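The block underneath contains the structure these notes are about, expressed in structure tokens.
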Amino acid sequence: MATDSAAAAAAAAAVSDDFAIGCFLSIQTTFGDEFEAQVVAFDAPSNILVLHILFPISTEGSKAGSRRNLRLLKADYIKHFTFLRHGEDPLDLSKCYIDLDAVRAREQSALRQAEAGAERIGVGVTSEAQSIFDALSKTLPVRWDKSIIVVLNEVRVSSPYVPESVSGGTAIANERVKKVLELERKKLQVRPTQ
């Protein structure tokens, strides 16, 4: 049993040397991704690497940007890697720079998006009512006023959300909302329930 743990320790040490902090690697994963990265950290017990992605060679559907791109990768998913060179410690705090204005701007943007998303969710309404709201929002500007759908800031659609429950607004706007509501209700009836 002592030889098993000694062998495991020796294997972990060898892998740890391959993934030394700061070294640059060219990596190909079992998922088909290929990229160059710098090793930021390696946790031998979990066999997980923290990598700073430098140059994506072939990433489908992703866009390279100017932000630091970190990736956690279990070493078991590395199909092939090539050592490129040694580098400095990537966690050297004297060389780290965080643009706090950019971080705050991203935070504010995320908060605005979350608030806008929350406003689109009806409180105390049925799933059918929410589906109707979502369908109407694809073609018309809508918002909730408690359980009433307000369309075009003037036409109101009350429960049970049928064309007969449309009120307010100009006659043209009222008729337009009734027509769209009728079409959307037909589409919703055709869809299979999940």
Side-chain angles (χ1 to χ4, degrees), residues 27-37 40 48-74 77 79 96-194:
I27 297 174
Q28 182 180 19
T29 69
T30 57
F31 306 115
D33 295 337
E34 293 183 36
F35 53 87
E36 291 182 8
V40 175
I48 293 178
L49 284 158
V50 178
L51 301 167
H52 170 210
I53 308 299
L54 303 171
F55 304 107
I57 297 169
S58 67
T59 53
E60 297 169 19
S62 65
K63 295 179 182 176
S66 61
R67 295 187 188 126
R68 178 171 276 211
N69 188 2
L70 294 178
R71 180 173 180 176
L72 298 176
L73 180 65
K74 196 154 180 77
Y77 295 115
K79 183 177 180 180
C96 289
Y97 172 73
I98 298 174
D99 184 354
L100 291 179
D101 290 333
V103 171
R104 287 185 189 108
R106 287 179 65 197
E107 177 188 32
Q108 290 302 316
S109 174
L111 287 172
R112 281 192 301 275
Q113 287 177 339
E115 288 169 357
E119 289 174 1
R120 299 180 59 73
I121 299 172
V123 178
V125 298
T126 64
S127 60
E128 180 188 37
Q130 186 64 51
S131 295
I132 290 169
F133 178 93
D134 294 340
L136 286 171
S137 71
K138 292 177 185 174
T139 56
L140 298 168
V142 295
R143 64 178 171 81
W144 285 106
D145 181 12
K146 297 183 177 136
S147 64
I148 297 172
I149 301 172
V150 179
V151 187
L152 300 168
N153 278 332
E154 57 179 315
V155 180
R156 302 171 70 77
V157 183
S158 309
S159 180
Y161 309 102
V162 293
E164 293 77 29
S165 61
V166 173
S167 64
T170 63
I172 295 171
N174 195 301
E175 286 303 314
R176 180 176 177 203
V177 171
K178 284 181 179 180
K179 185 175 182 178
V180 172
L181 180 61
E182 188 176 332
L183 292 171
E184 292 301 341
R185 286 193 68 86
K186 285 180 183 176
K187 287 181 189 176
L188 289 172
Q189 288 173 356
V190 172
R191 292 183 191 157
T193 57
Q194 296 178 1

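Below, each value reflects all heavy atoms present in this structure, side chains not excepted, and no hydrogens, waters or symmetry copies. Because the structure is a prediction, the values reported are computed rather than measured.
The closest side-chain heavy-atom distance from Trp144 to Val150 is not below 4.5 Å. Residues Glu184 and Leu140 have side chains not in contact (no heavy-atom distance under 4.5 Å, counting atoms from C-beta outward). Pro160 places a side-chain heavy atom less than 4.5 Å from the side chain of Ser165. Looking at heavy atoms from C-beta onward, Glu182 lies out of side-chain contact with Arg185 at the 4.5 angstrom threshold. In this structure, the side chains of Pro141 and Leu152 come closer than 4.5 Å at one or more pairs of heavy atoms. Looking at Arg143 and Asn153, their side chains come closer than 4.5 Å, going by heavy atoms from C-beta outward. Under the 4.5 Å side-chain criterion, counting only non-hydrogen atoms from C-beta, Tyr161 is in contact with Val125. Using a 4.5 Å cut-off on side-chain heavy atoms (C-beta onward), Lys138 and Asp134 make no contact.
Using a distance-only test at 3.5 Å, with no hydrogens or angles considered, a donor-acceptor pair links the side chain of Ser131 to the main chain of Ser127.
Atoms OG1 and NZ, on Thr29 and Lys74 in that order, are 15.0 Å from each other to the nearest 0.5 Å. Taken to the nearest 0.5 Å, the CD1 atom of Ile132 stands 13.0 Å off from the NZ atom of Lys187. From Asn69, atom CG reaches atom NE2 of His52 across 7.5 Å, with rounding to the nearest 0.5 Å. A distance of 4.5 Å separates CZ of Phe35 from CD1 of Ile27, quoted to the nearest 0.5 Å. Separating the OG atom in Ser137 from the CD atom in Gln130 is a distance of 8.5 Å, to the nearest 0.5 Å. Atom CG of residue Leu49 and atom CG of residue Leu70 lie 12.5 Å apart, to the nearest 0.5 angstrom.
Counting non-hydrogen atoms of other residues, nucleotides and ligands closer than 6.0 Å to CD1 of Ile172 gives a total of 12 or fewer.
For Leu51 against Ala37, the heavy-atom pair with the smallest separation is CB-CB, 3.9 Å. Nearest approach of Gly169 to Val155, heavy atoms of both residues: CA-CG2, 4.2 Å.
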